[in-house]
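The structure under discussion appears below in the form of structure tokens.
As a basis for the values below, the full set of heavy atoms in this structure was taken, side chains included, without hydrogen atoms, waters or symmetry mates. A note on names: the letters A, B, ... follow the listed sequences, proteins ahead of strands, and every chain is numbered from 1. Note that the structure is a prediction, hence the values are computed from the model and not measured.
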There are 2 protein chains.
Amino acid sequence: MAVSVVSSGSVSNNSAESLCPYRLVLEHLTSRWGVLVLIELLEGPRRFGELRRAVGRVSEKMLTQTLQTLERDGMVHRDAKPVIPPRVDYSLTELGHEAATQVRALGRWTQARMDDVAQARARYDAAKTPA
Amino acid sequence: MAVSVVSSGSVSNNSAESLCPYRLVLEHLTSRWGVLVLIELLEGPRRFGELRRAVGRVSEKMLTQTLQTLERDGMVHRDAKPVIPPRVDYSLTELGHEAATQVRALGRWTQARMDDVAQARARYDAAKTPA
DNA sequence: CGGTATCCAAAAGGATACTG
DNA sequence: CAGTATCCTTTTGGATACCG
């Protein structure tokens with residue numbers, strides 16, 4: 001009856017605030033900036049500034065936060081070189097590589113299906129606004 | 001240089017507010033309640049109240065919003081029976097079934113890897129708080 | 001039952017300034 | 001360069017009340 005990823009039921013009712021732990025990790029992987037960081041890192045190691053430019057419009061705060069979360073979850077490896085000026089390289093761990101590959105697959109699937117989505121929306125909107 | 005899901009680069013810089021369209025759809029699929037609804041519907045059609053109980057602690061507002069978004073994107077089919085009291089069945093479209101399958105796969109992978117994540121976190125936290 | 005509408009609290013997110 | 005700290009705006013989400 002309830003939603004579970006593993007068996008046929010039960011979401012493992014998230015009491016109040018905290019959802020089941022895996023849900024939190026999943027949200028990190030699929031978060032707005034997490035997705036883009038993972039996909040970019042799939043191309044190879046990147047410096048902080050490179051990621052910033054690659055991702056587009058991220059504030060330093062959010063990129064930092066995203067990277068720290070992914071590092072803590074064991075998805076991203078942070079290599080800070082003790083030089084002046086500072087140089088920090090980020091790369092995927094093996095775990096992160098597995099995750100990123102799946103995230104990218106879902107992203108690609110979505111892109112490939114955007115025409116279907118657009119058509120569905122057109123139908124939906126037309127039905128809603130017949131006037 | 002920039003993150004793209006399709007080629008080797010470019011996130012397709014999201015100018016300001018709106019991200020590229022596919023990113024929005026991806027966020028619908030991977031949203032807090034979207035994930036749980038898709039996974040539950042993979043088990044079969046569900047009524048509004050059934051989904052509400054299965055997902056756990058969702059407000060009516062959020063479940064309605066989630067279902068409407070997924071319906072508009074063509075992932076979910078809504079079948080409202082004209083009876084008293086009202087009865088509405090939700091089910092996955094073919095598109096939604098494809099999406100849900102991938103979402104569930106990512107969810108399952110995450111669950112299967114939770115031990116690795118926990119260990120990574122323990123290491124990270126230990127390194128941060130050596131005192 | 002299956003919603004919609006409104007209001008309010010909480011969290012996410014960005015701009016700016018500053019540091020090692 | 002790669003952050004951290006602070007402030008403020010925007011978005012998200014829940015509680016409540018009401019409707020068909």
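Look at A:R47 and you won't find any side-chain N or O under 4.0 angstrom from OP1 or OP2 of D:dC1. For the OP1/OP2 pair of D:dC1 and a distance below 4.0 Å, the side-chain nitrogens and oxygens of A:Y90 include no atom meeting the criterion.
Taking a 4.0 Å limit (strictly below) on heavy-atom distances, residues 67-81 of chain B reaches DNA chain C at B:Q68, B:R78.
Between A:L38 and A:A100, the closest heavy-atom pair is O-CB, 3.7 Å. For the pair A:F48 and A:L63, the tightest heavy-atom approach, listed with the atom from each and the gap, is O-CD2, 3.7 Å. Considering every non-hydrogen atom in both A:L29 and A:A99, the closest pair reads CD2-CB, 3.9 Å.
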Walk me through it: do A:V37 and A:V58 pass the test side-chain contact (heavy atoms from CB on, under 4.5 Å)? CA-CA 11 Å; A:V37 166; A:V58 213; over 6 Å; no
Report the C-alpha separation of A:Q119 and B:L95 in whole Å, then their side-chain angles, then the decisive distance to 0.1 Å, and conclude whether the side-chain contact (heavy atoms from CB on, under 4.5 Å) test is met. CA-CA 12 Å; A:Q119 285 174 35; B:L95 194 63; over 6 Å; no
May I have the step-by-step check of side-chain contact (heavy atoms from CB on, under 4.5 Å) for B:T66 and B:R32, ending in yes or no? CA-CA 9 Å; B:T66 300; B:R32 182 170 184 183; over 6 Å; no
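Atom NZ in B:K128 sits roughly 11 Å away from atom C1' in D:dG3 (whole-Å rounding). The interatomic distance linking A:L63 (CG) with D:dT4 (P) rounds to 11 Å, in whole Å. Here the P atom of nucleotide D:dT12 and the CD atom of A:E27 are 13 Å apart, to the nearest Å. Following rounding to the nearest Å, A:R87 (CZ) and D:dG3 (C1') show an atom-to-atom distance of 16 Å. Between A:M62 atom CE and C:dA11 atom P there is a gap of 15 Å when expressed in whole angstrom units. If you take CZ of B:R46 and P of C:dC1, they are 17 Å apart, rounded to a whole angstrom. Taking atom CD of A:Q65 as the reference point, atom P of D:dG3 lies 13 Å away to the nearest angstrom. Per the geometry, CH2 belonging to A:W33 stands 5 Å off P belonging to C:dG14, to the nearest Å.
Checked against A:D89 for a side chain to side chain donor-acceptor pair (under 3.5 Å), the options A:R46, A:R47, A:K81 give a single hit: A:K81.
A donor-acceptor pair is defined here as one N or O able to donate and one able to accept, closer than 3.5 Å; no such pair exists between the side chain of B:T110 and the backbone of A:Y22.
Hydrophobic clustering of Ile, Leu, Val, Met, Phe, Trp and Tyr side chains at less than 4.5 Å, counting indirect connections, unites A:M62 with A:I39.
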Sugar-phosphate means primed atoms, P, OP1 and OP2; the rest is base. With that split, encode nucleotides 15-20 of chain C 5' to 3' as B, S or - using protein heavy atoms under 4.0 Å. B-B--B
